[in-house]
Structures are given as C-alpha cells and as structure tokens.
Amino acid sequence: MDRTTQSLLKEDRVHGDNMFPLAAYWIELPAGTHVLDTHWHEEAEFFMLLEGEILFQVDTEYFPLKAGEAVFIESGDIHAAYVLNEDTPCKFCALVFLPDLLASAQYDAIQQNTILPLQEKRQSFPRHLTPAVQWQQELLRHLERMMDAYAAQSPGFEAFIKGTLLIMLSQIAPEDRFVNRSQLDDADTTKINRLKKIILYIQDNYQEPIRTRDLSELIPMSEGQFCRFFKEMTRKTPVDYINSYRIRQAADLLQQSDRKISDIAFEVGFDNVSYFIKVFRRAMKCSPSEFRKGAR
C-alpha cells in the first residue's frame, strides 16, 4: 500500500472527473504512522475507519473514532486524524465527492427539499456515525456497499452509488436526525479562516525557506501567539507541519522519478540532506531509498 497516504486528499487533487466527481481511496498504515495532516478540500467526504483507533479533528472539534465508525466532512471543513494507539495499524476508506453530483437536472422537489439543503449545509449528515445508533448503522452499511461498488466498478456502479447517496439523504430527513451547519460560531470561523490562510501559504511556498515570523505576520499575531494558535489547531508546531508537508511532496517525487535523493531534498525545501533523511525516516518509518524501493 502506498505510504504517501496523506497526499491522497490534498487540496489540488481531482477526485473522479467531470462526468462522475467521486472517488474512493483505501489506505493502510503501519502501526504508529501519522494518519492525516490538517487540510481541506472543496468536496464533501465520508471517512470510514476499518481498523485501528484514531482521534479525528473537524474544524475545532475533536472526537475518538473506532473501527466500524465513520465521519462526514462538509465541503471546506478543515480536518485531520491522529493515532490514538501506537501499537495497532490503521486502515480506512475515504469516499470523496462533490455534492453537485446529486443535483437534479431540473428544479424539482428533490432539489428543493433534499439537495439544496445539503449544499447549503442546512440539512446535513451527523458528523460522527456509529453503529451504536440503530438508524446510523444502516447509513454505515450503505457506505460499505458504495465502497464495494466503487472497488468492483461493474457496469452501472455510478448509478448505484448516486442512488445510495440519495437514499442516505432520505434517511436523515426526520428532524431529529439531520444537522444544520449553515451557521458557525464567529470565533471558530475566524480561527478556521486564519488557519486556512497559513496552510495555503505553506503549500504555495514550501520549496522556499519559511520562517515562523513570516507566517505569524499573515494573520497577524505575535510569533508566540501564532505558535500557540497553530499547535492548538493542528497538534503540531509550524516547523513540524512544514516538514511533514515537504516529506509528502518528497515521497511523491521518489515514486515518480529516479532523481537523486539530494536533489529531491533540495527541491522540496530542505537545505540539509542529512536532516531531510532524519525527518523522512521519522515520518515514514524508513529511509528515502528504502521507501523508493518498497513503493516500486
């Protein structure tokens, strides 16, 4: 299994295509491996944990997630996942899709009463889906069926998945089941927008030197305030987050080419090859050369 798993959900990735904007990814991580760095994308997502136990973050909310449970992530939500048990591997499936996939060809009752409220986040899925709640158990079974259908890709699988998503929306129609997320707390909105600004800057400039002071001035905050804010929101220091992002880019390059490891290290923003190898080994549980060999 590809260990550059975090890059599967990065913001510039195309999920599916214009004809069917949906994709599923199965990820398996060795014990103790970091799960997902803080990120977001325009698509909505169902994240289903198949093995292990993790701490999941959506915006400013944190909750533990066990095998057999799932998370629904709205379009634009910041999210991340962290290891809770260092001794067990982690396996999950992410089903990522544009809500527009469900839109009716013409404005009808389904568009008005079901699709539009989902797109506007007025009538959405619960954040945390668990088999302990009977009606949510059925939603989880639907997710498993969609994942199986996507894996098999038999003729008509697109219709099955779209139809199943519509059935799931019908099952959250009762008022005690759906969630209204159209209004966010102003303080949380400010925090989220600030963090997004920082993450975008890192993604656009990771190949160049990035100082903590440069990041703090974007918000703006004092350098000390910024470091505390960033750690609170991502559970990582700014330096650790930047290094993690650079390692993901390096892992992609190691798979895609035979270029020298030193050249790749410099391209993704490291100015010291020994330090790059040390950080890579800590993140990926192997050296860059071992990763390249194993990926192939």
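Keep in mind that what you see is a predicted model, and the values were worked out from it rather than measured.
Across Y206 and Q203, no two heavy atoms sit closer than the pair CD2-O, 3.2 Å. The nearest pair of heavy atoms linking F226 to P238 is CE2-CG, 3.6 Å. When all heavy atoms are compared, the tightest approach of Q136 to L129 is OE1-CA, 3.3 Å. Counting all heavy atoms, side chain and backbone alike, F280 lies closest to C286 at CD2-O, 3.4 Å. Smallest separation of non-hydrogen atoms from I202 and I242: CD1-CG1, 3.9 Å.
Remark: side-chain polar atoms of R213 are not paired, donor with acceptor, to backbone N or O of E223 under 3.5 angstrom. Of the possible polar contacts, none joining the E61 side chain to the V58 backbone as a donor-acceptor pair under 3.5 Å is found. Not one N or O on the side chain of R122 forms a donor-acceptor pair closer than 3.5 Å with the backbone of S182. The main-chain N or O of F160 is never found under 3.5 Å from a side-chain atom of E158 such that the two would form a donor-acceptor pair. At least one donor-acceptor pair closer than 3.5 Å links the side chain of K196 to the backbone N or O of G76. No side-chain donor-acceptor contact under 3.5 Å links R194 to the backbone of P220. A donor-acceptor distance shorter than 3.5 angstrom exists from the side chain of Y82 to the backbone of T234, with no hydrogens or angles considered. One N or O on the side chain of R177 and one on the backbone of Q171 form a donor-acceptor pair closer than 3.5 Å. No side-chain donor-acceptor contact under 3.5 Å links N180 to the backbone of Q123. Distance alone, capped at 3.5 Å, places no donor-acceptor pair between the S244 side chain and the D240 backbone.
By the side-chain contact (heavy atoms from CB on, under 4.5 Å) test, N205 pairs with Y201, I210, sequence neighbours left out.
Contact of the L36 side chain with the I27 side chain is not registered, since no non-hydrogen atoms from C-beta on lie closer than 4.5 Å.
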Side-chain donor-acceptor distances from residues 62-75 under 3.5 Å, at least two apart:
unit_1, atom_1, unit_2, atom_2, d
Y62, OH, E232, O, 3.1
Y62, OH, M233, O, 3.4
E69, OE1, K66, N, 2.9
E69, OE1, H128, NE2, 2.9
E69, OE2, T130, OG1, 3.3
E74, OE2, S124, OG, 2.5
E74, OE2, R181, NH1, 2.8
S75, OG, E42, O, 2.4

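More than 12 heavy atoms of other residues, nucleotides or ligands sit less than 6.0 Å from atom CD of Q153. Applying the 6.0 Å contact sphere to CG of D271 captures no more than 12 heavy atoms from other residues, nucleotides or ligands.
Salt bridge status for E138 with R145: present, with a side-chain N to carboxylate O gap under 4.0 Å.
Side-chain heavy-atom separations under 4.5 angstrom define the hydrophobic clusters, and the remaining members of the one that includes L116 are Y107.
Y241 and M221 fall within the same hydrophobic cluster, where Ile, Leu, Val, Met, Phe, Trp and Tyr residues are linked whenever their side-chain heavy atoms come under 4.5 Å apart, directly or through other members.
For the ring pair (Phe, Tyr, Trp, His ring centres under 6.0 Å) with H15, the lone residue among Y25, F20, Y150, F97 that qualifies is Y25.
In this structure, H39 and H41 have tilted ring planes: the angle between them lies in the 30° to 60° band.
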